[in-house]
Amino acid sequence: MSLGLPEPSFLVLVSLADGPKHGYAVMTDVERVCGVRMGPGTLYGAIARLDNLGLIEPLPSEDRRRPYRLTQAGAAALRAELATLERLASTGLRRLATS
Amino acid sequence: MRWLLWLYPRAWRRRYGREMLALLEETGATWRVVLDCIWSAVEAHFDRELVPQADEPVVPAVAAATAIPAEPEARPVVAPRRPFWSLRPDGLETAIDQILSAAAAEGAFDNLRGAGQPLDLAENPFEGELATAFRMLRAAGETLPWIALGREIDAEEAQLAADLERATERLRELASIDPAACGAERARARRRYLERAAAIDRKLAEYGALIPHRQFDRGRLLPHVAAARFDATCPPPP
């Protein structure tokens, strides 16, 4: 990936792509979409990394849970990552089909 | 379960502690969760990208109504994080400083052998079995590739900052002579700045892949951070 983001960070960006979510919602969304159950430490490691890079940002807390959303930079970074992955996937599938 | 949070750095706890505790209460504690948190806490102590840069206020409720902000967030440029060996509670550092100051005042460091003489920097007592390798590198005027690349990045970052100062000064002068030309000239300067910042960022990515340990990591100069730096030093004309 162009940003060199670790996989959990990438999954969090994908999870936030359709709107703001708090930690638990991200965790269940990632589990539903990818079948991967992220631990709370891994999840908050990814959230802290993306927050510091300015790719996501916190919204006002709902009770103790705080939702996050993509920033414009985060949306652009995710779009670039997904385009790279899409090229990679289509090339791989095409080559497998012809081999 | 609260004890798990005490494994994290203080700045991290202050920023994410409350919400992470809420999440831990929802997920429940299993061995897997505990191990995951321990590993993540260790990372938070050593990875500069995981430590909160400041107590940043959350987005106000009015701005939160829109899904994605229209303008990229101009993040404040913060001072580099302290190196990992000084990551200790401030009280402890202060106590050591006080002990050293008191000892110096009492003359404990007076009349030490070699006092007042310059250090012989060619002597490195920590070279050990690599002494020959280090001597050869020194004789050839070489250093390790990642250190050389780090110095190159230092020089280019300093040059970029100096050029930005000069460009800002030039634009200020131009504004008093020909305000109409200011906008186009600033846009050119901004484009050049961002191109050079992107080149430095590519080197930072390469540097990140070369370093022997994460403690030497210097992070990245992502486009939105570079743009915020330019705009903070050289704001658009009113």
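By convention in this document, chain letters (A, B, ...) are assigned in the order of the sequence lines, proteins followed by strands, and residues within each chain are numbered from 1.
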If I compare all heavy atoms of A:Gly23 with all of B:Leu23, which pair ends up nearest, and what's the gap? C-CD1, 4.1 Å
Given the rule in the side-chain contact (heavy atoms from CB on, under 4.5 Å) test, do B:Arg15 and A:Asp51 qualify, once you have shown the distances and angles that lead to the verdict? CA-CA 11 Å; B:Arg15 174 68 185 77; A:Asp51 190 15; 2.9 Å; yes
Using modelled atom types only, decide if a donor and an acceptor are shared between the side chain of B:His224 and the backbone of A:Gly74 within a distance under 3.5 Å. no
Hey, does A:Arg65 have a side-chain heavy atom less than 4.5 Å from the side chain of B:Glu26? yes
Looking only at non-hydrogen atoms, find the nearest pair between B:Ala22 and A:Arg64 and report the distance. CA-NH2, 3.8 Å
Considering only heavy atoms, which portion of B:Trp12 lies under 4.5 Å from any heavy atom of chain A: side chain, backbone, both, or neither? side chain
For residues A:Gly41 and B:Asp36, report the shortest heavy-atom separation together with the two atoms involved. N-OD2, 2.7 Å
Are more than 12 heavy atoms, taken from residues, nucleotides or ligands other than B:Trp39, located less than 6.0 Å from that residue's CH2 atom? no
Quick one: CZ on B:Arg18 to CZ on A:Arg66, what's the gap to the nearest 0.5 Å? 8.0 Å
When you look at A:Arg37 and B:Arg32, which way does the side-chain contact (heavy atoms from CB on, under 4.5 Å) test go after all the steps? CA-CA 11 Å; A:Arg37 176 120 180 127; B:Arg32 188 171 163 270; 4.0 Å; yes
Using side-chain heavy atoms (C-beta onward) and a distance below 4.5 Å, is A:Ile47 in contact with B:Met20? no
